[in-house]
Amino acid sequence: MSQLEIKNLHVAIGEKEIVKGFSLTIRQGEVHAIMGPNGTGKSTLSKAIAGHPDYTITSGEVLLDGQSILSLEPDARARAGLFLAFQYPSEVPGVSIANFLRAAVQARMAEGEELDATAYYKRLYSKMDLLKIDRKFTSRAINDGFSGGEKKRCEILQMAMLEPKFALMDETDSGLDIDALRIVADGVNAMRGTNLGMLLITHYQRLLDYIVPDYVHVMWDGRIVKSGDKSLALELEAKGYDWVKTELAAANA
Amino acid sequence: MSASPALSAATLTAAFTPEAFAAHLATVAHLPVWWLDRKREAYAKFAALPYPARTDEAWRFANLPGVRLDGFAVASAEAADQVRHAPIGISKAGKLVFSNNRLVTSRPLVADLAARGVIFDTLQNALVNHGALVKKHLLAHPVRPGSEKFNALHTAFLSDGAFVYIPKGVEIAEPLGVFHYAGGAGAAVFPHTLIVAEENTKATVVDFFRSADSEAHLACGQNDIYAAHNAQITYVAAQTWSPTTLSFQFNSTVARRDARVVSLNVHLGSRQARHESHSQLQAPGAHSEMLALTVASGTQEFDQRTLQTHQAPHTSSNLLYKNALLDQARTIFSGLIVVDADAQKTDAYQSNRNLMLSDAAEANSLPGLEIQANDVRCTHGATSSRIDPELEFYLQARGIRKAQADELLVFGFFEEVLAKLAHDGLRDALRDMIKTKFKS
């Protein structure tokens with residue numbers, strides 16, 4: 001079984017430190033939710049782990065099966081089994097979903113190995129059907145002119161095709177109406193199992209009604225300040241983030 | 001730059017001397033008198049005109065020493081024999097293959113089209129049965145944007161080319177393909193394609209320009225398109241000349257009432273390539289879509305000059321030239337939209353987009369407007385940008401290596417242009433051709 005260990009991670013954008021000592025271990029098969037108010041470093045955490053060049057990891061470690069991934073390029077991290085579902089997926093004019101995913105699948109194959117195009121399309125279409133994405137979308141440019149819901153479904157489609165060991169899902173619920181949220185959640189739940197570890201980053205408890213986490217962590221000022229099971233999300237929903245703030249202040253007093 | 005010394009007559013002609021021209025004339029003595037007269041007139045003009053100077057606006061930013069003709073001579077017929085076939089299998093309606101200015105092989109026009117009066121043959125063969133038609137259209141519209149000397153050279157030494165004639169009401173679904181090869185060190189070729197589309201026609205013609213070997217060639221070609229009332233013509237010129245070739249290509253497009261011409265130039269080869277394209281919108285409803293895709297690498301220079309002339313009301317033109325620049329390559333785009341006084345309701349657009357893939361590359365853009373009418377919509381724009389790091393990260397985050405991510409993004413940049421071609425097979429063939437440039 002694989003595991004992703006994030007150890008005392010510090011991340012800065014420019015001179016400003018955003019993530020301040022974040023630690024968490026995720027095993028394949030587990031679903032962890034990270035909740036927290038805006039500006040607390042949730043998105044920074046996920047992008048830094050994925051290798052975004054704008055984010056500097058100033059100290060700490062990220063280990064995949066005991067091996068540090070921090071010296072790897074973003075593409076090598078992805079091929080090692082990481083997947084980042086973007087909060088705001090980029091629109092890529094002129095690059096069709098079919099070509100893009102084929103390139104991503106091919107990048108994971110050994111040199112000289114040929115892609116079985118028939119099998120590839122069969123698999124692509126079955127995943128699209130599951131996510132209720134029109135098959136015509138394969139020839140459309142990635143996210144180009146897509147609605148918010150279509151973009152998020154396209155992220156999940158990519159995840160389904162690439163079968164990562166660990167998925168970092170950054171606010172996958174944002175911008176979705178309830179119907180779109182259900183479709184996305186169904187897609188994610190269909191992938192749940194012993195081969196996938198997930199980190200769900202969310203601002204709202206709503207997503208967790210549909211994708212029920214094994215663990216819930218509250219992030220505050222760049223690190224985890226409270227952990228629990230799914231009931232913590234409900235408690236947070238009921239009491240609001242101020243509750244955490246007050247508790248923290250009391251603990252630090 | 002210091003003033004260039006006065007050039008002697010010999011320097012002005014390089015190997016294209018009066019003796020060489022006389023020898024050339026002797027090989028084409030069977031051509032009709034009107035054609036020979038045009039050649040003589042053009043030769044006199046070529047020999048008298050100076051090389052472009054630094055002060056010529058039409059040559060701004062161009063590498064002037066690079067266009068000197070030294071080292072080139074009219075290609076030998078023997079060297080033509082090395083080309084016996086031409087690959088790309090999209091020319092389903094018919095194929096002509098020229099090598100060193102003469103036809104070496106062809107796949108005849110499909111029988112049904114021939115029966116309906118379509119002509120797809122060499123200019124010389126067409127003269128035999130359709131002399132009046134060839135005379136009426138051959139070199140009928142002088143090219144304007146600034147290469148008079150080299151254009152005169154083309155006319156002087158032009159001896160054969162492709163003649164495409166689509167009679168009234170005929171629609172051809174599959175492309176007609178014309179291959180123009182150059183072979184042998186220093187070989188000068190003068191490719192020519194003349195397309196005459198009568199009323200209510202539809203056709204796609206593709207010119208492929210290629211070197212048969214890796215030697216330096218001089219290519220000095222022209223393609224003329226005449227689109228009559230409601231003709232819908234798609235024309236593609238794709239050049240993959242050898243990396244040491246000097247090439248000139250002149251285009252003249254005339255669109256009559258409600259005609260719609262889509263022309264795409266794909267530039268990949270040559271050491272230095274100059275392309276001039278002139279669209280004349282002559283009657284209401286005429287539309288010209290002027291497209292170009294260029295991949296400039298190494299120390300290549302691509303110099304593209306365009307002219308959109310609106311001569312009648314309610315005409316439109318849309319120009320989109322996209323360049324991807326690598327290494328120390330240079331591109332020049334200079335475009336002018338001219339709207340005549342009575343060409344009200346003109347809708348003209350001109351856009352040059354440069355994707356800079358290297359800090360050492362250089363893209364020059366000179367857009368221009370000259371508007372006499374007062375009720376028109378004319379816009380132009382030029383941009384230079386790099387690969388968007390966010391898009392690069394997005395692709396890399398899916399496991400795609402950086403080099404391949406960049407290639408996908410470059411093709412994405414080109415796709416806007418390729419998408420304007422209706423024929424799937426043609427788009428694929430061009431994509432494959434462009435890919436070879438990135439593999440080298």
Side-chain angles (χ1 to χ4, degrees), chain A residues 46-55 72-109 111 139-144 151 154-155 157-165 167-168 170, chain B residues 264 266 291-295 320-324 351 353-355 357 381 383 385-428 430-432 434-435 438-439:
Chain A
S46 63
K47 283 193 173 174
I49 295 172
H52 193 291
D54 289 354
Y55 300 81
L72 300 178
E73 289 292 309
D75 52 288
R77 297 185 196 194
R79 290 194 302 277
L82 275 189
F83 183 90
L84 170 63
F86 286 72
Q87 182 180 5
Y88 302 110
S90 293
E91 299 191 6
V92 192
V95 181
S96 73
I97 289 177
N99 284 347
F100 168 56
L101 276 171
R102 194 167 55 207
V105 169
Q106 264 168 341
R108 287 163 172 75
M109 291 173 18
E111 189 138 355
S139 59
R140 284 187 57 180
I142 309 158
N143 300 322
D144 198 7
K151 283 181 184 170
C154 185
E155 292 293 292
L157 172 67
Q158 293 168 38
M159 181 173 149
M161 287 298 288
L162 300 177
E163 297 178 338
K165 290 179 187 165
L168 314 171
D170 190 4
Chain B
L264 165 62
V266 177
L291 308 168
L293 293 180
T294 303
V295 183
L320 179 58
Y321 275 37
K322 287 195 160 187
N323 301 321
S351 173
R353 309 250 174 255
N354 300 301
L355 182 60
L357 299 168
T383 58
S385 57
R386 292 156 191 269
I387 282 190
D388 183 340
E390 283 302 322
L391 301 189
E392 200 175 50
F393 176 67
Y394 187 72
L395 268 58
Q396 280 190 274
R398 297 302 176 246
I400 300 170
R401 289 170 183 83
K402 187 168 178 290
Q404 213 208 335
D406 289 355
E407 190 183 310
L408 281 169
L409 293 171
V410 172
F411 277 86
F413 170 75
F414 285 159
E415 201 55 35
E416 181 187 2
V417 170
L418 290 171
K420 291 177 186 260
L421 297 177
H423 194 278
D424 289 344
L426 181 54
R427 280 201 308 270
D428 289 343
L430 295 174
R431 273 190 210 106
D432 288 347
I434 295 168
K435 272 195 189 116
F438 286 92
K439 299 283 179 257

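Note that the structure is a prediction, hence the values are computed from the model and not measured. Chain identifiers are assigned alphabetically (A, B, ...) following the order of the sequence lines, protein sequences preceding nucleic acid strands; residue numbering begins at 1 within each chain.
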Test your reading of the model: is there a side-chain donor-acceptor pair from R108(A) to the backbone of A104(A), 3.5 Å cut-off?
yes
For G51(A) and F393(B), work out which heavy atoms get closest and say how close.
C-CE1, 3.5 Å
Please flag which part of L395(B) lies under 4.5 Å from any non-hydrogen atom of chain A: side chain, backbone, both or neither.
both
By a 4.5 Å heavy-atom criterion (distance strictly below it), what part of E390(B) contacts chain A: side chain, backbone, both, or neither?
both
Which atoms of I142(A) come close to chain B, meaning under 4.5 Å heavy atom to heavy atom: side chain ones, backbone ones, both, or neither?
side chain
Give, as side chain, backbone, both or neither, the part of P164(A) having an atom under 4.5 angstrom from any heavy atom of chain B.
neither
For E91(A) and N143(A), which I'm curious about, is there any donor-acceptor pair between the side chains at under 3.5 Å?
no
When L409(B), L391(B), D388(B) are compared by non-hydrogen pairs under 4.5 Å with chain A, the top option
L391(B)
Test log, rule salt bridge (charged side-chain N to carboxylate O under 4.0 Å, His left out), inputs E416(B) and K322(B)
CA-CA 9 Å; E416(B) 181 187 2; K322(B) 287 195 160 187; 2.6 Å; yes
With E415(B) as partner, the option from R427(B), K420(B), R431(B) fulfilling side-chain hydrogen bond (donor to acceptor under 3.5 Å, both in side chains) is R431(B)
